[in-house]
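Below: the structure, in structure tokens.
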Protein chains: 2
Amino acid sequence: MRPNKRDELVRNALQVFYRDGFHATGMDKLVVETGVSKTSMYKHFRTKEELILAALRLRDESFRISLLRQIEEMAHSPADRLLASFDALAQWFEEDGYRGCMFIKAGAEYQESDHPIHLQAAEHKRLMLDYFTDLARKAGAREPEKLGCQILLLQEGAIVTAVLLKNCEPARDAKAAAQVLLDQALA
Amino acid sequence: MRPNKRDELVRNALQVFYRDGFHATGMDKLVVETGVSKTSMYKHFRTKEELILAALRLRDESFRISLLRQIEEMAHSPADRLLASFDALAQWFEEDGYRGCMFIKAGAEYQESDHPIHLQAAEHKRLMLDYFTDLARKAGAREPEKLGCQILLLQEGAIVTAVLLKNCEPARDAKAAAQVLLDQALA
DNA sequence: ATGAATATGTACTGATCGGTAAACTTTAGC
DNA sequence: GCTAAAGTTTACCGATCAGTACATATTCAT
């Protein structure tokens with residue numbers, strides 16, 4: 001268990017950053033919430049920013065891996081998988097402690113477009129876009145880049161709407177929209 | 001010019017909050033950037049939170065008013081106006097200093113769903129949803145609530161995607177998607 | 001069992017946080 | 001021209017910010 005304390009730190013810090021935000025989470029709060037001493041934190045990461053970047057890297061990995069696995073279990077054709085991504089979204093929204101997309105929030109708190117945290121958030125979205133575009137291409141869509149982007153737009157829209165509007169079901173309406181767009185792109 | 005200093009404060013503070021974020025903007029920075037003394041600020045607003053709420057109120061008003069006017073100038077039928085909203089979006093994305101939606105960011109920095117700032121951000125989105133739903137109804141859509149929500153999802157998705165992904169044109173793809181959804185809802 | 005790496009607690013730095021106190025100056029209505 | 005409101009400067013409060021120093025304790029491979 002040599003480097004595991006570091007991973008444990010990143011894992012727990014990730015939860016706190018996701019729950020409370022980046023600027024609102026001080027290093028002293030992290031000491032309390034993660035159980036890792038401040039001295040140890042600064043042995044592993046030279047700055048708070050580096051710790052945030054590590055947390056975002058972990059989030060990107062675990063989020064995308066589990067999302068893709070979910071999708072691939074639920075559906076098998078590329079077209080069905082595009083649609084299934086919205087069912088995965090709906091499940092996510094129902095989870096306790098759902099607080100929207102960590103990368104949208106990171107981009108919102110670190111707005112300069114050349115900031116490392118902003119860049120890492122952008123990279124995550126680019127990977128998501130690539131995944132949807134790939135599925136659209138495999139599904140035989142006429143303009144896969146366009147359909148992939150539209151699927152992404154619906155997802156991002158649903159994610160932020162699910163945070164702010166409790167009275168509507170964005171995942172359902174987004175899926176219905178995706179179905180229409182998909183039909184039209186395959187016709 | 002009695003109460004105008006207050007309005008000037010709110011107007012300038014709004015710009016700084018939008019540019020730099022809420023937690024990242026301290027009251028001392030606002031003194032420098034707005035030219036209003038700290039004592040005066042606290043004469044007008046008892047807390048930073050009240051100042052933020054006033055800034056958000058102003059933003060909601062001016063943003064919605066100018067957006068609706070733009071839309072109503074560009075198009076005249078309800079259906080065309082739904083589509084024109086994406087042209088207004090595209091123009092917004094091109095503006096210098098575009099930094100996404102202030103209310104999405106407010107909801108991201110103040111995440112507790114009963115927080116006054118979170119509630120105010122949610123109220124803005126609800127008003128936007130109502131507007132689109134109303135247009136969808138007037139356009140004769142089969143399920144106006146559904147179409148209104150889908151338009152909103154595309155808009156929100158485009159807004160956050162325009163912040164993070166510089167290499168694609170979310171407003172264009174969102175408009176094309178809206179066109180398809182609209183056709184299908186009117187058929 | 002020992003040595004080296006890794007962890008810890010405590011105490012601290014200077015800067016900044018939101019917010020206040022008090023004394024002084026400007027502005028505007030009568 | 002006087003009065004009172006509204007604005008200002010300057011200095012301050014205790015708390016918290018990110019980050020560091022240092023001495024001690026725990027862990028682990030040999």
Side-chain angles (χ1 to χ4, degrees), chain A residues 1-58 105-106 108-112 115-118 120, chain B residues 1-58 105-106 108-112 115-118 120:
Chain A
M1 287 204 183
R2 248 159 355 290
N4 285 22
K5 201 83 181 183
R6 178 193 160 115
D7 294 3
E8 191 186 321
L9 164 62
V10 176
R11 225 180 314 120
N12 291 330
L14 168 56
Q15 305 300 327
V16 182
F17 283 134
Y18 181 67
R19 170 168 35 91
D20 296 344
F22 300 98
H23 286 100
T25 300
M27 298 304 273
D28 295 277
K29 186 197 278 185
L30 286 178
V31 170
V32 175
E33 301 254 5
T34 68
V36 177
S37 70
K38 200 191 261 198
T39 317
S40 281
M41 288 182 179
Y42 280 97
K43 284 266 160 59
H44 289 304
F45 302 99
R46 280 160 47 212
T47 62
K48 179 185 181 182
E49 183 180 310
E50 285 192 9
L51 175 56
I52 293 177
L53 286 170
L56 288 178
R57 266 187 297 270
L58 172 61
K105 296 193 288 185
E109 288 207 50
Y110 300 90
Q111 305 195 78
E112 300 91 46
H115 192 292
I117 294 177
H118 189 100
Q120 186 147 330
Chain B
M1 286 204 184
R2 249 160 353 292
N4 285 24
K5 202 81 182 181
R6 177 194 160 114
D7 293 4
E8 192 186 320
L9 163 62
V10 175
R11 224 180 315 118
N12 291 330
L14 168 56
Q15 305 300 326
V16 182
F17 283 135
Y18 180 67
R19 169 167 37 90
D20 296 345
F22 300 98
H23 285 100
T25 300
M27 297 303 273
D28 295 277
K29 187 197 279 185
L30 286 179
V31 170
V32 175
E33 302 254 3
T34 67
V36 177
S37 69
K38 201 191 261 198
T39 316
S40 280
M41 287 183 180
Y42 280 97
K43 284 266 162 57
H44 289 302
F45 302 99
R46 281 161 45 212
T47 63
K48 180 185 181 183
E49 182 180 311
E50 285 191 9
L51 175 56
I52 293 176
L53 287 169
L56 288 178
R57 265 188 298 270
L58 172 61
K105 297 193 287 186
E109 287 206 50
Y110 301 90
Q111 306 195 79
E112 301 90 46
H115 192 292
I117 294 177
H118 188 100
Q120 187 147 330

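These values consider heavy atoms only, across backbone and side chains, with no hydrogens, waters or symmetry-generated copies.
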note: A:Lys5, atom NZ; D:dC28, atom P; distance rounded to Å ~ 11 Å

Looking at A:Glu8 and A:Thr34, what are the two nearest heavy atoms and their distance? OE2-O, 4.5 Å

Heavy-atom donor-acceptor pair, B:Lys48 side chain to B:Phe22 backbone, under 3.5 Å: yes

So with a 6.0 Å cut-off around CZ of A:Arg46, is the heavy-atom count from everything else above 12? no

Under a 3.5 Å distance rule, please check whether A:Lys105 uses its side chain to pair with a backbone N or O of A:Phe17 as donor and acceptor. no

Hey, does B:Val36 have a side-chain heavy atom less than 4.5 Å from the side chain of B:Asn12? no

Interatomic distance where NE2 belongs to B:His44 and C1' belongs to D:dA6 [whole Å]: 7 Å

Between B:Gln111 and A:Arg19 (side chain of the first, backbone of the second, donor and acceptor by atom type, cut-off under 3.5 Å), is there such a pair? yes

Given side chains that start at C-beta, do those of B:His115 and B:Glu49 come closer than 4.5 Å, heavy atoms only? yes

Are there any protein N/O atoms within less than 3.5 Å of an N/O atom in nucleotides 24-26 of chain D, and if so, which ones and at what distance?
none

Provide, to the nearest angstrom, the distance between the CD atom belonging to A:Glu50 and the P atom belonging to D:dA18. 15 Å

Expected list for residues 12-26 of chain A near DNA chain D, using heavy atoms below 4.0 Å, is A:Thr25, A:Gly26

Extract from the structure each pairing of a protein N or O with an N or O of nucleotides 9-13 of chain C at less than 3.5 Å, listing the distance.
| from | atom 1 | to | atom 2 | distance (Å) |
| --- | --- | --- | --- | --- |
| C:dG9 | O6 | A:Thr39 | OG1 | 2.5 |

Separation of B:Met27 atom CE from C:dT20 atom P, in whole Å? 10 Å

List the atom of A:Ala24, the atom of A:Lys29, and the distance in Å for their closest heavy-atom pair. O-NZ, 3.4 Å

In whole angstrom, give the distance that lies between atom NZ of A:Lys43 and atom P of D:dA21. 11 Å

Rounded to whole angstroms, how far apart are CG on A:Leu30 and C1' on D:dC17? 12 Å

CD of A:Glu8 versus P of C:dA7: gap in Å, rounded? 10 Å

Where is the tightest heavy-atom contact between B:Gly21 and B:Glu109, given as atom of each residue plus distance? CA-OE2, 3.6 Å

Please name the pair of heavy atoms, one in A:Ile117 and one in A:Ala106, separated by the smallest distance, quoted to 0.1 Å. CG2-CB, 4.0 Å

Can you tell me the distance, in whole Å, between the NZ atom of B:Lys48 and the P atom of D:dT16? 15 Å

Taking every non-hydrogen atom, the tightest pair across B:Thr47 and B:Tyr42: CA-CE2, 4.2 Å

Kindly say if A:Tyr42 contacts the phosphate of D:dT20, meaning a side-chain N or O under 4.0 Å from OP1 or OP2. no

